[in-house]
**Student:** 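Have a look at the structure that comes next, please.
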Amino acid sequence: MRVEEILEDMEELIRDAWSLPLSGGKGIISLYRINELINEIRDELPSELNQAKAIIADRSQIINDAKDEASNIISTSEAKAKAMVEKDEIVRQAKEKSEEIVLDAKVHARDIKKAANDYVDDIMRHVDDSLTMAVSDLRKAKQTLKSNQ
């Protein structure tokens with residue numbers, strides 16, 4: 001920074017000044033050189049101030065960009081988290097539904113098996129009754145034949 005260099009030159013000029021005896025720390029310096037350094041500072045200040053303003057503006061823009069990016073990241077993360085929660089909820093509901101379907105299927109299969117067994121028992125009972133009747137009829141017929149002889 002040029003202004004700092006000019007200020008260092010001014011300090012050097014003051015350090016190297018001739019001090020006046022019994023003056024309470026007063027000294028002799030070149031007025032021409034001091035005026036020259038002050039004018040250089042005046043010339044340099046606008047450019048340094050503009051540079052400082054540019055740095056501040058860049059800093060503000062960087063901070064604003066970082067805040068925007070942080071907001072975007074947060075929004076995206078929240079959306080992903082919500083989607084994951086919804087997906088987990090869907091998976092949980094699907095699992096519940098599948099368990100319910102399997103349980104219903106088992107109950108239905110058991111009912112069908114019981115109905116089939118009942119049907120077979122009923123048919124076997126009818127066949128048994130029919131066969132028993134047929135055997136009884138045969139025995140009667142045989143008995144009738146034997147008694148008619």
Side-chain angles (χ1 to χ4, degrees), residues 1-17 25 27 29-149:
M1 294 218 177
R2 180 79 177 116
V3 173
E4 289 179 12
E5 292 172 6
I6 296 169
L7 289 173
E8 286 175 10
D9 287 348
M10 288 176 88
E11 287 176 339
E12 186 179 328
L13 188 63
I14 292 169
R15 270 193 314 268
D16 293 344
I29 57 171
S30 167
L31 293 178
Y32 173 77
R33 182 69 183 133
I34 284 290
N35 279 333
E36 198 176 64
L37 293 172
I38 289 172
N39 287 333
E40 285 182 34
I41 289 175
R42 281 192 184 122
D43 291 341
E44 290 294 324
L45 275 180
S47 68
E48 296 220 0
L49 287 176
N50 289 336
Q51 186 179 19
K53 286 178 186 176
I55 290 170
I56 290 171
D58 286 347
R59 181 183 145 261
S60 296
Q61 184 61 43
I62 290 169
I63 289 172
N64 288 337
D65 289 348
K67 285 180 182 177
D68 290 344
E69 187 174 344
S71 293
N72 289 338
I73 290 170
I74 289 170
S75 297
T76 303
S77 297
E78 287 173 346
K80 285 182 180 178
K82 184 178 179 183
M84 289 172 71
V85 167
E86 288 174 359
K87 183 179 179 184
D88 286 347
E89 180 63 20
I90 290 169
V91 168
R92 186 191 63 74
Q93 288 176 355
K95 198 173 192 180
E96 277 182 15
K97 187 66 176 173
S98 70
E99 289 171 358
E100 184 180 316
I101 290 169
V102 167
L103 183 62
D104 288 347
K106 285 179 180 178
V107 168
H108 189 64
R110 188 178 59 233
D111 291 346
I112 289 173
K113 186 176 180 182
K114 184 180 181 312
N117 285 337
D118 290 346
Y119 177 73
V120 167
D121 282 346
D122 191 43
I123 290 191
M124 288 176 83
R125 191 174 22 260
H126 285 312
V127 167
D128 188 27
D129 290 346
S130 295
L131 288 175
T132 301
M133 233 189 221
V135 168
S136 176
D137 288 345
L138 280 173
R139 283 187 183 148
K140 282 182 190 175
K142 185 178 175 187
Q143 193 70 29
T144 306
L145 279 174
K146 270 189 185 183
S147 54
N148 286 340
Q149 281 182 337

**Student:** Determine whether L37 and R33 satisfy the following criterion, side chain to side chain contact (heavy atoms under 4.5 Å, CB included), listing intermediate values before the conclusion.
**Tutor:** CA-CA 6 Å; L37 293 172; R33 182 69 183 133; 3.4 Å; yes
**Student:** Does any pair with a residue in residues 54-72 pass salt bridge (Lys or Arg N to Asp or Glu O under 4.0 Å), and if so which ones, sequence neighbours excluded?
**Tutor:**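 Counting only pairs at least two positions apart or across chains, no salt bridge (Lys or Arg N to Asp or Glu O under 4.0 Å) contact touches residues 54-72.
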**Student:** What pairs meet the side chain to side chain donor-acceptor pair (under 3.5 Å) rule with one or both residues in residues 96-105, with sequence neighbours excluded?
**Tutor:**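 Only R92-E96 qualify under side chain to side chain donor-acceptor pair (under 3.5 Å).
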**Student:** Please output the side-chain donor-acceptor pairs of residues 7-17 that fall under 3.5 Å, not counting sequence neighbours, one pair per line with the distance.
**Tutor:**
none

**Student:** Are the side chains of H126 and I123 in contact, using a 4.5 Å heavy-atom criterion?
**Tutor:**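 Contact flag for I123/H126 side chains = no.
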**Student:** Rounded to the nearest 0.5 Å, what separates atom CG in L138 from atom CE in M133?
**Tutor:** 13.0 Å
**Student:** Nearest 0.5 Å please: distance from the NZ atom of K95 over to the CD1 atom of I90.
**Tutor:**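 If we round to the nearest 0.5 Å, K95:NZ and I90:CD1 are 15.5 Å apart.
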**Student:** What pairs of residues pass the salt bridge (Lys or Arg N to Asp or Glu O under 4.0 Å) test when at least one of them lies in residues 117-127, not counting sequence neighbours?
**Tutor:**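 Found K114-D118, D122-R125.
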**Student:** Only distances under 3.5 Å count here; give the side-chain donor-acceptor pairs of residues 75-82 to other protein atoms, sequence neighbours excluded, each with its distance to 0.1 Å.
**Tutor:**
from	atom 1	to	atom 2	distance (Å)
S75	OG	S71	O	3.0
T76	OG1	N72	O	2.8
S77	OG	I73	O	2.8

**Student:** Kindly say whether N35 contributes a backbone atom to a donor-acceptor pair with the side chain of N39 at under 3.5 angstrom?
**Tutor:** yes
**Student:** Going from CD1 on I38 to CD on E36, what distance comes out if it is rounded to the nearest 0.5 angstrom?
**Tutor:**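 Spacing of CD1 (I38) from CD (E36) equals 11.0 Å.
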**Student:** Quick one: salt bridge (Lys or Arg N to Asp or Glu O under 4.0 Å) pairs with a partner in residues 134-149, sequence neighbours left out?
**Tutor:**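 Applying salt bridge (Lys or Arg N to Asp or Glu O under 4.0 Å) to every pair that reaches into residues 134-149, excluding sequence neighbours, yields nothing.
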